[in-house]
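Comments concern the structure below.
Model, not experiment: these values are computed from the prediction. Each residue takes its place number in the sequence, starting with 1. In listed order, ligands and their atoms are each counted from 1.
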Amino acid sequence: MVYLDNNATTPLDPAVANKMTWFLKEHFGNPSSLYPIGRQVKEMINEARENVAKALGANKAEIYFTGSGTEADNHAILGVLDALPEKREFVTSAIEHPAVQETAAYLEKKGYKVAYVPVDKYGTVDLDFLRDAVTVQTALVSIMHANNEIGTIQPVKTIVEIVKEKGALVHTDTVQSFGKIDFRADRLGVDLLSVSSHKIYGPKGVGALYVKKGTPIRPFVHGGHQERGLRAGTENTIGIIGFGEAARVLAEKFKEDKERTGKLADRLRKGIEEKIPKIRSNGHPENRIKSTLSYSFLGLEAEAILLALATKEIYVSTGSACTAESEEVSHVLTAIGLKPEFARSTVRMSLGRFNTDNDIDIVVRELPDIIKKLRRISAFNPEE
Ligand code: PLP
């Protein structure tokens with residue numbers, strides 16, 4: 001199998017699998033219980049918190065575990081707006097993940113004024129538009145760090161400077177940049193950021209929200225006092241332990257991962273561009289996550305390419321995994337100005353820790369043939 005869909009999810013790192021297996025066998029205590037088997041689990045959760053905090057360049061008191069990256073995004077936005085009821089404006093970008101985009105739509109229904117900052121052809125937000133969109137009524141601006149579909153990285157530090165001048169708060173979705181870009185929460189300058197465990201070789205169904213000390217935020221799930229009153233509900237202990245281990249391993253492997261996947265991505269890109277005519281590369285040419293490749297193969301439906309590759313056990317995605325079941329053209333590809341026929345022909349390949357040179361050899365051998373054959377039977381063959 002050649003797995004090139006690491007932006008959708010990553011396999012568990014073996015060290016994470018070992019730690020989770022051990023934990024599952026040895027520990028069942030409720031971290032809220034005061035006797036030793038509960039206290040031990042609480043301590044392990046705090047170790048996990050420390051590991052996530054370290055990997056993010058944050059203080060452990062600023063990390064709150066959540067049930068997913070999606071929940072962290074929802075909590076950041078709804079929790080801050082709930083804490084600042086006098087401010088009724090929210091600003092975001094046109095290319096956010098549905099976790100933010102759908103929350104913005106919900107806010108509009110609730111009567112908030114929402115501004116969507118457009119992007120240029122490479123997917124970079126329009127900073128002049130942003131400057132005009134943020135007002136003294138704006139409670140929060142939420143703009144993602146790196147895009148999941150095209151890999152473009154936003155100038156978050158500049159965004160923070162612009163927004164702070166108007167006195168608003170900043171949240172950034174770092175689900176796709178965590179583990180791929182060397183950043184520190186404290187140096188980015190944002191007030192809140194979201195991450196997800198299953199994108200960094202940890203288990204699914206667990207994420208974290210960084211809340212800078214002093215940031216106004218209300219609970220999102222109401223109930224017990226878990227997560228220092230911000231997120232009620234008995235903790236997903238096994239998930240959190242796995243996430244903590246994934247963050248610990250990440251701190252060790254970050255540099256090597258980045259160099260290796262960068263080199264593999266360069267080889268894949270070169271192979272595709274040399275061997276396949278009439279294609280378009282999407283995303284910023286430089287300010288991008290190197291391991292995310294997005295190509296439009298003019299004349300073809302992305303699903304046909306995906307299924308043909310799957311018969312060779314090569315797994316990629318069309319646009320974004322989260323929109324795979326919807327017929328709609330990706331809002332990200334539309335926002336960068338792709339015509340629907342280009343957007344529908346777009347395939348995303350995303351590399352990760354466990355990809356090898358052999359994987360790239362296989363794709364560079366198989367993909368050009370598949371494209372050629374599919375184009376031959378397509379109603380519109382741009383190669384003719
Ligand atoms: N934000 C971005 C940019 C993502 O790519 C994803 C997942 O694809 C999420 C948020 C949602 O994370 P989770 O799958 O943990 O809910």
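Counting the atoms of ligand 1 from 1 in the order shown, those under 4.0 Å from a heavy atom of Met144 are 3 (C). Against a heavy-atom cut-off of under 4.0 Å, Ser68 is close to the following atoms of ligand 1: 15 (O), 16 (O). Under a 4.0 Å criterion applied to the non-hydrogen atoms of Gln176, ligand 1 contributes the atoms 3 (C), 4 (C), 5 (O).
At least one N or O atom of Gly69, backbone or side chain, sits closer than 3.5 Å to an N or O atom of ligand 1. Inclusion of Ser196 in the set of residues having an N or O under 3.5 Å from an N or O of ligand 1 is warranted.
A distance-only check finds no donor-acceptor pair linking the side chain of Asn51 to the backbone of Glu245 [under 3.5 Å].
Residue contacts with ligand 1 for Thr70 involve both N, CA, C or O and side-chain atoms from C-beta outward (heavy atoms, distance under 4.0 Å). No part of Glu71 comes within 4.0 Å of ligand 1, judged by heavy-atom distances. Only the side chain of Asp73 comes within 4.0 Å of ligand 1, judged by heavy-atom distances. Looking at His198 against ligand 1, only its side chain comes within 4.0 Å, counting heavy atoms.
Note: the hydrophobic cluster containing Ile217 does not contain Val52 (ILVMFWY, side chain heavy atoms under 4.5 Å, direct or indirect links).
Contacts classified as side chain to side chain donor-acceptor pair (under 3.5 Å) and involving residues 254-263 (residues at least two apart or in different chains) are given here: Asp257-Arg353.
The shortest separation from a heavy atom of Glu96 to ligand 1 is not under 4.0 Å, leaving the residue out of contact.
Ring-centre distance between Tyr210 and Tyr64: not below the 6.0 Å cut-off.
The pair Arg267-Asp361 counts as a salt bridge, with a side-chain nitrogen and a carboxylate oxygen less than 4.0 angstrom apart. Salt-bridge formation is not detected for the pair Arg39/Glu43: no Lys NZ or Arg NE/NH1/NH2 atom is positioned less than 4.0 Å from an Asp or Glu carboxylate oxygen. Salt bridge annotation for Glu50-Lys54: absent, with no cationic side-chain nitrogen under 4.0 angstrom from a carboxylate oxygen.
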